[in-house]
Amino acid sequence: MKPNLVRLHESFLIRKSKTVSCLWLILLSTFQLGASLPQNQIALSQPLTVRWRYESDRTSNFTPANDGTTVYLPLSEGILVALNASDGQLRWKADVGGNFSASPVADDRSVYAAGQYGAPVNEQGHANGTLRALSKTTGVTVWMRTLQAPLSGSLLVGENALFAGGADGKVYAFDKRTGLTLWTNQYAEVFSSQPAAAGHFVYIGSEQGSLFALDQATGSAAWHYQTRGPIQGPIAIVNGTVCFGSGDGYIYALHGSNSKLIWRRRTGAAVQSVVSVENGLLAASLDNFVYLLSANRGNLIWRRLLPGRISARPITASDGALFTPLSTDSAIVLGLRDGKPVNTLSIGEENSSSAAPIAVSDLVIVTTPHGLLAFAHRPDKP
């Protein structure tokens with residue numbers, strides 16, 4: 001090969017090598033950036049506008065279920081509607097009979113709905129209950145169970161079982177595929193809380209202030225802890241520690257294996273929800289304050305007064321937490337670092353629904369007295 005051609009060939013190889021190296025650096029930085037950002041998490045502190053709305057004057061206080069692509073909205077008089085999450089279009093509508101008694105849940109195959117019939121909604125102790133699984137694609141009932149009393153609070157869907165507590169003091173585990181009872185426990189308590197599961201246990205609180213840790217497979221009670229007020233809100237499990245709020249005004253942190261009290265922190269009123277965030281535990285109380293506590297000792301990091309009662313758990317993201325206070329016309333986002341308001345979402349009317357807001361892909365969905373509002377980031381300008 002001639003010298004000039006050799007030099008030309010070497011120059012080409014050097015340029016090619018540099019180009020490949022640059023491409024690898026770009027790809028590597030992209031992967032690192034993607035790994036550092038949560039997938040499908042909306043930035044709550046950024047401007048959000050209404051992408052779609054679903055209008056109905058029959059919304060309830062039960063939180064909608066979702067599976068990432070579909071929202072399952074429980075309406076009054078036992079009507080369940082399935083809406084496309086992307087545009088709010090109706091997919092199907094199903095009449096489950098009677099009235100809903102608990103918030104529905106969905107998994108990869110079915111949506112599960114609990115109802116009651118035979119008595120007014122405010123007389124649950126005299127009503128009968130139902131539990132049914134509906135096809136997510138058609139809304140047709142796959143199986144149904146009748147119960148002596150309605151299930152209440154929220155349903156919890158696990159890998160193979162569906163867990164729930166009832167107004168008659170029973171705690172159930174149902175087979176998800178057939179609806180058959182796997183186990184049931186009877187207590188002298190009333191259950192209307194939101195169960196949680198971690199490891200081998202399912203945790204559920206009662207109106208009489210008891211928190212039970214039950215074996216998921218057998219239902220046998222590993223332990224129970226007594227507080228002095230109803231336990232109704234969500235339970236947070238943080239590194240084996242069970243954190244929850246009570247109507248006695250305290251937030252509790254217990255060892256998940258043996259119920260030993262690690263710490264407790266008093267608030268000004270009944271605690272409605274406790275959720276885990278990156279820098280601690282976020283608790284909402286009926287004193288209208290939101291509290292951020294350290295997870296290990298319960299030390300107060302900050303607290304913030306909101307303009308209305310907080311009856312539902314918030315949506316949380318790395319940059320904030322979104323609350324829907326009652327008797328206000330806005331959802332409010334608090335920054336997690338200092339608790340200061342960083343965003344406001346107008347819902348256009350006074351909020352009277354205690355249904356919790358939900359996050360579906362890149363959407364924030366809020367239940368209002370007259371339907372659903374789906375908020376999203378403004379589309380980028382071309």
With no hydrogens and no angle check, is any side-chain donor or acceptor of Thr328 less than 3.5 Å from a backbone partner on Pro325? yes
Can you get from Leu48 to Ile315 by hopping between Ile, Leu, Val, Met, Phe, Trp and Tyr side chains that sit under 4.5 Å apart? yes
Report the distance from atom CD1 of Ile262 to atom CG of Leu254, rounding to the nearest 0.5 Å. 7.0 Å
Kindly indicate, with the supporting measurements, whether the criterion side-chain contact (heavy atoms from CB on, under 4.5 Å) is fulfilled by Trp52 and Ile365. CA-CA 10 Å; Trp52 57 260; Ile365 298 180; 4.1 Å; yes
CG/Leu373 to CD/Glu55 distance, rounded to the nearest 0.5 angstrom? 9.0 Å
Inter-residue atom distance Leu73.CG - Ile79.CD1, 0.5 Å rounding: 11.0 Å
Taking Arg145 as the fixed residue, which of Thr178, Thr181, Thr130 is the one that meets the side chain to side chain donor-acceptor pair (under 3.5 Å) rule? Thr181
Consider ring-ring contact (aromatic ring centres under 6.0 Å, His included). Of Tyr225, Trp263, Tyr203, which one does Tyr252 pass it with? Tyr225
Nearest heavy-atom pair of Ala94 and Leu134: which atoms, and what distance? CB-CD2, 3.8 Å
Using a 4.5 Å cut-off on heavy atoms from C-beta on, say whether the side chain of Val157 contacts that of Lys176. yes
Where do Ser330 and Ser346 come nearest, in terms of heavy atoms and distance? OG-CA, 4.1 Å
Joint hydrophobic cluster, Val238 plus Leu293, side-chain heavy atoms closer than 4.5 Å: yes
Check whether more than 12 heavy atoms from other residues, nucleotides or ligands sit under 6.0 Å from atom CZ of Arg337, and answer yes or no. no
Do you know which two heavy atoms are closest between Gly245 and Ile231, and how far apart they sit? O-CG2, 3.8 Å
Under a 4.5 Å side-chain heavy-atom rule over Ile, Leu, Val, Met, Phe, Trp and Tyr, are Val290 and Val271 clustered together? no
Nearest 0.5 Å, what's the CH2-CZ distance between Trp223 and Phe201? 8.5 Å
Is there a donor-acceptor contact under 3.5 Å linking the side chains of Asp67 and Thr69? yes
Could you check whether any side-chain N or O of Asn351 sits under 3.5 Å from a backbone N or O of Thr324, counting only pairs where one atom can act as donor and the other as acceptor? yes
For the ring pair Tyr187 and Phe212, is the centre-to-centre distance below 6.0 Å? yes
Compare all side-chain heavy atoms of Leu336 with those of Leu282 and state whether any distance is below 4.5 angstrom. yes
Between the main-chain N or O of Ser220 and the side-chain N or O of Asp215, is there a donor-acceptor pair closer than 3.5 Å? no
Any Phe289 side-chain heavy atom under 4.5 Å of Ile310 side chain: no
Quick check: is Val366 connected to Leu326 through a chain of hydrophobic side chains (ILVMFWY, heavy atoms under 4.5 Å apart)? no
Check: Asp95 main-chain N/O paired with Glu77 side-chain donor or acceptor under 3.5 Å: no
Under 3.5 Å, side chain of Gln208 to main-chain N/O of Val190, donor-acceptor pair present? yes
Could you check if a side-chain atom of Ile204 sits within less than 4.5 angstrom of a side-chain atom of Leu156, using non-hydrogen atoms only? no
So which heavy atom on Cys243 is nearest to which on Ala253, and how close? SG-CB, 4.1 Å
Working to the nearest 0.5 angstrom, can you tell me the gap between Leu292 CG and Arg304 CZ? 12.0 Å
Can you check side-chain contact (heavy atoms from CB on, under 4.5 Å) on Leu180 and Trp143, steps first, answer last? CA-CA 10 Å; Leu180 296 176; Trp143 55 256; over 6 Å; no
Taken to the nearest 0.5 Å, the spacing of Trp183 CH2 from Asp175 CG works out to 13.5 Å
Asp338: partners by side chain to side chain donor-acceptor pair (under 3.5 Å), with sequence neighbours left out: none
Heavy-atom distance under 4.5 Å between the side chains of Leu211 and Thr227, does that happen here? no
Contact between Val342 and Asp319 at the side-chain level, heavy atoms closer than 4.5 Å - yes or no? no
Hydrophobic cluster membership, Leu300 vs Val274, 4.5 Å side-chain cutoff: yes
Evaluate side-chain contact (heavy atoms from CB on, under 4.5 Å) for Gln232 paired with Glu207, printing each intermediate quantity in order. CA-CA 7 Å; Gln232 299 174 326; Glu207 291 287 330; 2.9 Å; yes
For the residue pair Gln226 / Ser210, report whether a side-chain donor-acceptor contact shorter than 3.5 Å exists. yes
Testing the basics here: between Pro74 and Pro64, what is the closest heavy-atom pair and its distance to 0.1 Å? CD-CA, 3.8 Å
Do the side chains of Arg51 and Asp362 get close enough for a salt bridge, i.e. N-O under 4.0 angstrom? yes
Give a yes or no on this: more than 12 heavy atoms of other residues, nucleotides or ligands lie within 6.0 Å of atom CG of Asn239. no
Do Asp57 and His370 have side-chain heavy atoms sitting under 4.5 Å apart? yes
Do Ser154 and Thr63 have side-chain heavy atoms sitting under 4.5 Å apart? no
Between Asp287 and Ser285: side-chain donor-acceptor atoms closer than 3.5 Å: yes
Full working for side-chain contact (heavy atoms from CB on, under 4.5 Å) between Glu159 and Gln216: CA-CA 10 Å; Glu159 183 178 354; Gln216 290 192 39; over 6 Å; no
Output yes when a side-chain donor or acceptor of Thr267 lies under 3.5 Å from a complementary backbone atom of Ala269, and no otherwise. yes
Are the side chain of Asn288 and the backbone N or O of Leu305 linked by a donor-acceptor pair below 3.5 Å? no
Quick one: does any side-chain atom of Thr59 pair with a main-chain N or O of Thr368 as donor and acceptor, under 3.5 Å? yes
Phe323 and Ala284: which non-hydrogen atoms are nearest, and at how many Å? CE2-CB, 4.3 Å
Sort out for me which residue in Val81, Leu83, Val105, Val111 forms a side chain to side chain contact (heavy atoms under 4.5 Å, CB included) with Tyr72. Val111
For Pro369, is there any backbone N or O sitting under 3.5 Å from a side-chain donor or acceptor partner on Glu350? no
Answer yes or no: are there more than 12 heavy-atom neighbours, outside His200 itself, under 6.0 Å from its atom NE2? no
Counting only N and O atoms by type, is there a donor-acceptor contact under 3.5 Å from the side chain of Ser135 to the main-chain atoms of Thr137? yes
